[in-house]
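Here the structure is laid out as structure tokens; the discussion comes afterwards.
Counting convention: from 1, in listed order, for ligands and their atoms alike.
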Amino acid sequence: MRIDIITLLPRLLDSPFSHSILKRAQEKGLVEVVVHDLRDYAVNRKKQLDDYAYGGGAGMVMMIEPIDRILTELKSQRDYAEVIYMTPDGVTLNQQLANELSLKGNLIILCGHYKGVDERVREHFITKEISIGDYVLSGGELAASVLSDSIIRLIPGVLSDETSALTDSFQDNLLAPPVYTRPADYKGMKVPEILLSGHEKKIEEWRYEQSLERTKTRRPDLLDES
Ligand code: 6GU
């Protein structure tokens, strides 16, 4: 899979893809993340990317032409399964959407800024609009890195233990059970006996019960969904 991210602030996306799992996924050749500076596709000598809104009102609007130019270039080079626009009024990202996108081909992600993009971009070029929650961020970049992370870790081979993505919170609409590591007794705070027992089946059952209990108390809405 290849993910092309289009942004006015490419530097903002340096760090999220340069560490840990996302870094290794790229090194292993399982995903290629390419960040594009929209400035390189600006149309006039002023390198203008945004302009005043028709009809007035506060805030600048991202222009259609630079976006058309980069999308046309990318699509002439390879096929893309989706052209995603990050926007607070998109559909809210959840685990199911991440799962679906991880199974697709190449993705383009456009990060919004200012008052947003010219509506004609959304009407004619964008195939999916995604938000990461009901709050407002300064731009789509952090949201794009959240979305990309949620997708990339699901690509087979990215996580060393392939089952570990399947036991994450939200897969099966259940929160993950509590986990412990050494020491078994820290200043009187003890690890549950069952986990030290070596009874694989009982441990499995305990973890399931804990997941269910946790979901009931913290996120009962998830149980209604499944
Ligand atoms: Cl995708 N963009 C912005 N600017 N704010 C957000 C968001 C996206 N998702 C939640 N808040």
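By the 4.5 Å side-chain criterion applied to Ile, Leu, Val, Met, Phe, Trp and Tyr, Leu195 is assigned to a cluster that also includes Tyr180, Val191, Ile194, Leu196, Ile203, Trp206. Hydrophobic side-chain contacts under 4.5 Å tie Met189 into a cluster, directly or through other members, with Tyr186.
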Under 3.5 Å donor-acceptor pairs involving side-chain atoms of residues 26-34, not counting sequence neighbours:
| unit_1 | atom_1 | unit_2 | atom_2 | d |
| --- | --- | --- | --- | --- |
| Gln26 | NE2 | Phe17 | O | 2.9 |
| Gln26 | NE2 | Leu22 | O | 3.0 |
| Lys28 | NZ | Gly157 | O | 2.8 |

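Salt-bridge formation is not detected for the pair Lys104/Glu100: no Lys NZ or Arg NE/NH1/NH2 atom is positioned less than 4.0 Å from an Asp or Glu carboxylate oxygen.
Closest heavy-atom contact between Leu175 and Arg214: CD1-O, 3.9 Å.
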For ligand 1, which of its N or O atoms have a protein N or O partner closer than 3.5 Å, and how long is each gap?
| unit_1 | atom_1 | unit_2 | atom_2 | d |
| --- | --- | --- | --- | --- |
| ligand 1 | 4 (N) | Leu137 | O | 3.1 |
| ligand 1 | 5 (N) | Leu137 | N | 3.0 |
| ligand 1 | 9 (N) | Ser131 | OG | 3.4 |
| ligand 1 | 9 (N) | Ile132 | N | 2.9 |
| ligand 1 | 11 (N) | Tyr135 | O | 2.5 |

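No hydrogens or angles considered: nothing links the side chains of Ser18 and Asp14 as a donor-acceptor pair under 3.5 Å.
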